[in-house]
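All remarks here apply to the structure that follows.
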Amino acid sequence: MCYAIPGKVQSIEGRIALINYFGEIKRAVHELALLAPGDYVYAQGGYVINKVSAAEAESVLSAWKEMFFTLQETDRVYSVFSLANQPADPRLKNILNKATEGKDLTPEDARVLFSREKTEEINLVFKTANYLRHQYHKNACCVHGIVELSNYCRRNCFYCGISSYNKELERYRMSMDEVVDAVSSAANNYGFKAFVLQSGEDCGYGIDELAEIISRVKKRNDCFIVISFGEMDEGALRKLFAAGARGLLMRFETSNSALYEKLHPGYSLGKRVETIKLAYEIGYMIITGSLVGLPGQSQEDIMNDIFFARELHPEMFSCGPFLRHPNTPLAGDIFSDEQLVFKTLAAARLILPREVTIPVTTAFETLSPRSRLQGLISGANSVMVNLTPLKYRKLYSLYPGRAHDDEDVSIQIKETVALLQSLGRAPVDPGNETIDKNSF
Ligand code: SAH
């Protein structure tokens with residue numbers, strides 16, 4: 001994630017700190033031995049990363065103050081709207097009203113959302129999702145940095161370009177130094193404070209070596225680390241937690257277990273979800289979600305995926321379009337129902353708890369250059385920046401034509417910041433849920 005601004009600890013209750021950012025109060029989990037009200041801290045993804053001196057914090061805050069309020073105002077103008085005079089099916093309006101009142105939507109409500117065909121009605125769903133994003137998260141947009149450390153994979157996922165089906169792919173595994181350097185240079189040069197470390201399963205490193213990578217990264221940088229190395233047993237998850245990892249990114253891919261087994265011969269949905277549940281029990285923050293548009297997947301399946309994710313205590317819901325890779329059993333013409341993937345993103349904002357972060361994932365961006373913008377105004381509050389060194393980036397070939405495959409980090413940051421500024425979004429992630437009384 002790019003820039004963070006420091007906040008002032010207002011109060012502490014057990015592991016939860018309430019942090020004040022220019023009058024907005026957010027909550028974050030902390031594990032620091034000595035933290036007291038009045039201290040300044042950096043937090044990311046709802047997690048306190050480190051303490052900073054008052055002098056350092058105040059100098060950053062004074063540089064940000066004016067910008068902070070200008071951006072907030074731009075976002076407010078784009079986001080606030082009233083459902084009252086909008087022409088739409090009364091059933092749809094009822095559901096959208098229910099969502100804006102913070103009430104839980106039912107699968108029947110979701111069916112109504114997903115079955116919209118008229119452009120004006122679909123746009124109304126998008127606008128409501130954006131309104132809720134604004135109510136829940138204000139204009140904060142977290143920018144995730146991802147390092148893809150190896151494309152070796154033993155799995156046979158039918159859709160995935162780095163699966164063992166792809167015999168033509170040149171395989172790579174970054175050295176430990178390369179991983180630590182990629183993270184540290186993003187932290188030092190751009191202020192990133194949270195990182196996803198991802199790879200294929202059985203990536204060529206053993207668990208002890210992955211733990212060593214995490215400890216080395218943590219030693220060099222105050223940061224939040226999310227692991228995404230595939231399925232693991234409890235011992236491995238605990239080892240990586242002890243090394244300093246605090247988030248797990250693992251999509252369940254589809255909540256339809258029969259379809260899951262068809263697409264992953266020899267593997268089961270239950271086993272995959274077990275890793276997610278174990279990680280949650282250990283204390284990891286959970287990022288999970290699904291693919292949209294898999295062959296054999298119905299609209300009902302996609303809708304169910306959101307409700308399925310809701311039960312897994314997600315901090316973040318990550319979904320994206322399935323894009324066909326030529327060297328997989330699902331090779332074929334690239335075709336994605338764009339409207340369906342954006343409907344899924346917007347529906348997720350309406351259905352999932354308010355604190356859930358929803359990223360515009362790279363697969364969305366691969367659909368079209370406008371997708372990042374479209375996602376951000378349809379309920380998303382996070383974007384990705386790829387930090388994998390350029391010499392390896394194209395080899396992490398999950399699907400063809402991946403967005404940002406040849407863009408240097410500095411170019412990605414420049415474009416990201418420009419887009420966020422034009423929308424009034426601040427590339428900061430100050431904590432978790434806004435609990436300011438004016439927030440809803
Ligand atoms: N080994 C890790 C990372 C897997 S790759 C794990 O098991 O979680 C990261 C994600 O890429 C997958 O979870 C999948 O949802 C997505 N992905 C793979 N192939 C894809 C494709 N062809 N189109 C779109 N997304 C794809």
Side-chain angles (χ1 to χ4, degrees), residues 1-7 19-28 43-46 60-84 86 96 99-102 123-144 191 316-317 342 345-346 348-350 352-361 364-365 370-385 412-440:
M1 308 183 191
C2 280
Y3 310 105
I5 52 171
I19 306 172
N20 189 324
Y21 295 92
F22 297 123
E24 265 180 45
I25 312 298
K26 309 256 183 164
R27 33 184 278 151
Q44 288 283 285
V60 176
L61 289 172
S62 71
W64 258 92
K65 191 165 184 175
E66 202 175 317
M67 175 73 110
F68 190 83
F69 290 110
T70 308
L71 289 171
Q72 259 189 355
E73 180 54 17
T74 308
D75 178 43
R76 196 191 61 76
V77 169
Y78 280 134
S79 310
V80 171
F81 89 112
S82 161
L83 272 169
Q86 308 285 344
L96 298 180
T100 59
E101 286 161 11
N123 284 341
L124 211 54
V125 175
F126 293 164
K127 277 191 132 177
T128 307
N130 186 42
Y131 173 80
L132 286 177
R133 184 274 314 154
H134 171 73
Q135 295 293 329
Y136 296 165
H137 297 271
K138 293 282 173 65
N139 68 337
C141 182
C142 53
V143 183
H144 287 260
M316 191 180 287
F317 176 74
F342 286 108
L345 189 149
R349 173 56 73 213
L350 267 56
L352 294 171
R354 54 188 294 154
E355 64 273 15
V356 172
T357 286
I358 302 182
V360 186
T361 54
F364 268 97
E365 295 185 55
R370 226 191 96 82
S371 296
R372 201 183 230 187
L373 167 67
Q374 182 62 49
L376 286 169
I377 58 170
S378 307
N381 64 321
S382 168
V383 293
M384 310 286 296
V385 166
Q412 293 181 68
I413 303 263
K414 215 166 137 198
E415 287 179 4
T416 304
V417 170
L419 174 64
L420 295 183
Q421 288 197 350
S422 72
L423 291 171
R425 306 290 175 88
V428 297
D429 177 25
N432 198 330
E433 190 180 354
T434 303
I435 55 166
D436 172 343
K437 64 180 178 347
N438 301 317
S439 73
F440 197 82

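Values below: all heavy atoms of this structure, side chains included; hydrogens, waters and symmetry mates excluded.
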Taking the six-membered ring for Trp, are Phe22 and Phe68 parallel (under 30°), tilted (30 to 60°) or perpendicular (over 60°)?
-> tilted
Check against side chain to side chain contact (heavy atoms under 4.5 Å, CB included), Tyr21 and Ile5 = CA-CA 8 Å; Tyr21 295 92; Ile5 52 171; 4.0 Å; yes
N/O donor-acceptor pair under 3.5 Å between Gln86 side chain and Ser82 backbone = yes
Do Glu66 and Thr70 have side-chain atoms, one donor and one acceptor, less than 3.5 Å apart?
-> no
Should His144 and Gln44 count as side-chain neighbours, where that means a heavy-atom distance under 4.5 Å?
-> no
Would you confirm whether Ser79, through its side chain, and Arg76, through its main-chain N or O, come within 3.5 Å as a donor-acceptor pair?
-> no
Would you call Arg425 and Asp75 a salt bridge, using N to O less than 4.0 angstrom?
-> yes
Evaluate the side-chain proximity of Asn381 to Cys141: yes if any heavy-atom separation is below 4.5 Å, no if none is.
-> no
Measure across Leu132 and Thr100 and return the closest heavy-atom pair with its distance rounded to 0.1 Å.
-> CD2-CA, 3.8 Å
Can any side-chain N or O of His137 pair as donor or acceptor with the backbone N or O of Arg354 at less than 3.5 Å?
-> yes
Salt bridge (Lys or Arg N to Asp or Glu O under 4.0 Å) partners of Glu415, counting only residues at least two apart | none
Measure across Ser422 and Leu419 and return the closest heavy-atom pair with its distance rounded to 0.1 Å.
-> OG-O, 2.7 Å
By ring pair (Phe, Tyr, Trp, His ring centres under 6.0 Å), Phe81 pairs with (sequence neighbours left out) none
Is any side-chain heavy atom of Leu96 closer than 4.5 Å to a side-chain heavy atom of Tyr131?
-> no
Measure across Ala380 and Pro359 and return the closest heavy-atom pair with its distance rounded to 0.1 Å.
-> CB-C, 4.3 Å
Stepwise side chain to side chain contact (heavy atoms under 4.5 Å, CB included) check, Phe342 with Val125 | CA-CA 10 Å; Phe342 286 108; Val125 175; over 6 Å; no
Could you tell me whether the side chain of Arg372 and the main chain of Met384 form a donor-acceptor pair under 3.5 Å?
-> yes
Any donor and acceptor pair, going by atom type alone, linking the side chain of Asn139 with main-chain N or O of Gly424 inside 3.5 Å?
-> yes
Side chain to side chain contact (heavy atoms under 4.5 Å, CB included) between Leu423 and Thr74, intermediate numbers included | CA-CA 7 Å; Leu423 291 171; Thr74 308; over 6 Å; no
Spell out, as yes or no, whether a donor-acceptor pair under 3.5 Å connects the side chain of Ser371 to the backbone of Phe364.
-> yes
Yes or no on side chain to side chain contact (heavy atoms under 4.5 Å, CB included) for Leu345 and Ile358, after CA distance, side-chain angles and deciding distance?
-> CA-CA 8 Å; Leu345 189 149; Ile358 302 182; 4.0 Å; yes
For the student: nearest non-hydrogen atoms of Leu376 and Asn130, plus distance | O-OD1, 3.6 Å
Please answer whether the main-chain N or O of Lys138 pairs with a side-chain N or O of Arg133 as donor and acceptor at a distance below 3.5 Å.
-> yes
Just checking, any donor-acceptor pair under 3.5 angstrom between side chains of Ser378 and Arg349?
-> no
Consider only side-chain N and O atoms of Gln374 and Glu365, and report whether a donor and an acceptor are under 3.5 Å apart.
-> no
Straight-line distance of Leu350 CG to Phe126 CZ, nearest 0.5 Å = 11.0 Å
Locate the shortest heavy-atom distance separating Gly102 from Tyr136; write the atom from each residue and the value.
-> CA-OH, 4.3 Å
Does a sphere of radius 6.0 Å around OH in Tyr78 hold more than 12 heavy atoms from other residues, nucleotides or ligands, not counting ones at 6.0 Å or beyond?
-> no
